[in-house]
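Working notes for the structure below.
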Amino acid sequence: MLKVSIYRYNPETDKAPYMQDYELDTQGKDLMVLDVLELLKAQDPTLSFRRSCREGVCGSDGMNISGRNGLACTTPLSEAARKGKLVLRPLPGLPVIRDLVVDMEQFYEQYKKIEPYLQNDTPAPAIERLQSPEEREKLDGLYECILCACCSTACPSFWWNPDKFIGPAGLLQAYRFLADSRDEATDERLSKLDDPFSVFRCHGIQNCVNVCPKGLNPTRAIGHIRHMLLARAV
Amino acid sequence: MVTTITSFGRSGTFDWLYQRVTAVLLTIYTFFIVGFIFLSKDFGYESWSALFAHRWMRVFTLLALLSTVVHAWIGLWSVITDYITNLLMGAKATVLRLVIELLLAAVAVFYTAWGIEILWGL
Ligand code: SF4
Ligand code: SF4
Ligand code: FES
């Protein structure tokens, strides 16, 4: 029997959040955490969580799994359960809407700030804006982000200043456009990041790198941004 | 872009660079002083006051003192703005931050003035 302890909170009926214990017969299978949640939801339809693709593509089911942020759909029990026990909580630091569902507004606000779209005012050529294979390669490890928020909600700097620090996810995307040979707004982008909070609240503890389910490295991207800012300032 | 007026250089890049430059200077100064104490043959009042009789030593010490002030300001400012936020404690955080910042500024000015007084024996 697998023991599962889940963070429950329904603002309409509960005064405070609490942990609810469930039991599940996994029949010895190494299920994914999302499968466990689906089976428990069949037992208890009030249990709420987000999900969509169930294969690590959509980024909906980021949650805190036995103390570590990750995607429920790609985290197997063998990795997540300790001594036959699984503990599920919402992503830390964001307001809880209900159970495992958090309000991602602050996270998207920061994403919006970095203007996550290509900016180029030169008239487009007849066919397309070309990139050499080397230029394209610079975007590897950046474009794959699925905005699951596992990284930003594992980052203490983001917990303290979610309204001012862009956070690892946003900064990885900021660098994705700074590194794009087709983007012409590099200087404007850098000016907007030059304050003491947006980039420089990162203290390089690498919690973000540690949890990213896509194996991306926001800390490295932040280092590149810092160098670009420095090169421009001295 | 987040606007701040109490950070040291108002630009994150500037603060970041100064934090590093002052750290390097303080490391060199520390090694120099410790080295002087342990390597000079008869270390005592004579050699110590002879060392501080040099103008370069006084300037070097003043630089180390100013570096300490700058380094401490940048570091403590970021600690204050991490833990004393309006998000955590509401509007009173603004007052508390300002009070602590003024206190830190007073301490910084006090030590700088006192340091100059000692160094040049005013
Ligand atoms: S960088 Fe990784 S952890 Fe962060 S939002 Fe993107 S995919 Fe998720
Ligand atoms: S390395 Fe920077 S962005 Fe990543 S968790 Fe640490 S402080 Fe946050
Ligand atoms: S359900 Fe889409 S990433 Fe897990």
Side-chain angles (χ1 to χ4, degrees), chain A residues 92-95 103 105-107 109-110 112-115 152-153 155-167 170-171 174-175 178 185-205 207 219 222-234, chain B residues 1-28 63 66-105 108:
Chain A
L94 294 177
D103 181 354
E105 195 57 39
Q106 281 171 328
F107 177 78
E109 238 356 273
Q110 297 301 342
K112 198 169 142 194
K113 271 199 210 163
I114 63 106
E115 302 176 8
S152 292
T153 58
C155 170
S157 290
F158 188 74
W159 294 339
W160 312 145
N161 288 294
D163 52 338
K164 299 192 183 79
F165 175 50
I166 304 274
L171 290 170
Y175 185 61
L178 286 168
T186 310
D187 205 54
E188 291 83 342
R189 289 179 187 280
L190 288 173
S191 312
K192 287 175 191 154
L193 294 173
D194 185 40
D195 62 272
F197 281 97
S198 302
V199 175
F200 288 94
R201 265 311 133 117
C202 168
H203 299 307
I205 353 161
N207 277 8
T219 312
I222 295 169
H224 288 312
I225 300 180
R226 205 185 282 133
H227 278 121
M228 290 178 93
L229 282 166
L230 213 59
R232 177 173 162 274
V234 294
Chain B
M1 187 80 177
V2 179
T3 321
T4 50
I5 56 161
T6 51
S7 67
F8 179 67
R10 300 204 189 175
S11 136
T13 315
F14 186 91
D15 280 10
W16 186 87
L17 187 64
Y18 267 66
Q19 191 73 327
R20 264 91 200 145
V21 170
T22 53
V24 169
L25 204 132
L26 285 170
T27 313
I28 298 173
L63 273 178
L66 293 176
S67 293
T68 311
V69 167
V70 169
H71 195 85
W73 183 270
I74 297 173
L76 290 173
W77 183 82
S78 82
V79 173
I80 296 169
T81 49
D82 260 355
Y83 297 117
I84 308 177
T85 61
N86 298 40
L87 193 76
L88 276 181
M89 43 182 94
K92 66 172 188 282
T94 312
V95 181
L96 194 57
R97 265 203 319 275
L98 193 63
V99 168
I100 296 179
E101 283 164 1
L102 288 174
L103 244 130
L104 283 174

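Keep in mind it's a predicted model, so treat the numbers as computed, not measured. Every chain is numbered from 1, with letters handed out A, B, ... down the list of sequences.
Residues A/Leu230 and B/Leu17 meet the side-chain proximity criterion, which asks for heavy atoms closer than 4.5 Å.
Ionic pairing of B/Asp82 and A/Arg201 is present here: one or more N-O contacts between side-chain nitrogen and carboxylate oxygen are shorter than 4.0 angstrom.
Side chain of A/Gln110 to backbone of A/Pro162: a donor-acceptor contact under 3.5 angstrom is found.
Only the side chain of B/Thr4 comes within contact range of chain A, with at least one heavy atom under 4.5 Å from a heavy atom of that chain. Contact annotation for B/Phe8: neither backbone nor side-chain heavy atoms come within less than 4.5 Å of a heavy atom of chain A. For B/Ser7, the part lying under 4.5 angstrom from a heavy atom of chain A is the side chain only. Contact of A/Asp194 with chain B is made through backbone and side chain together, with heavy-atom distances under 4.5 Å. Proximity to chain B (any heavy atom under 4.5 Å) is shown, for A/Arg232, by neither the backbone nor the side chain.
Using cut-offs of 30° and 60° on the angle between ring planes, the pair A/Phe107 and A/Phe158 is perpendicular.
Results of the side chain to side chain donor-acceptor pair (under 3.5 Å) test with B/Arg97 over B/Asn86, B/Thr81, B/Thr85 single out B/Asn86 as the only residue that passes.
Each of A/Lys113, A/Arg226, A/His203 has some count of heavy-atom pairs under 4.5 Å with chain B, and the biggest count is that of A/Arg226.
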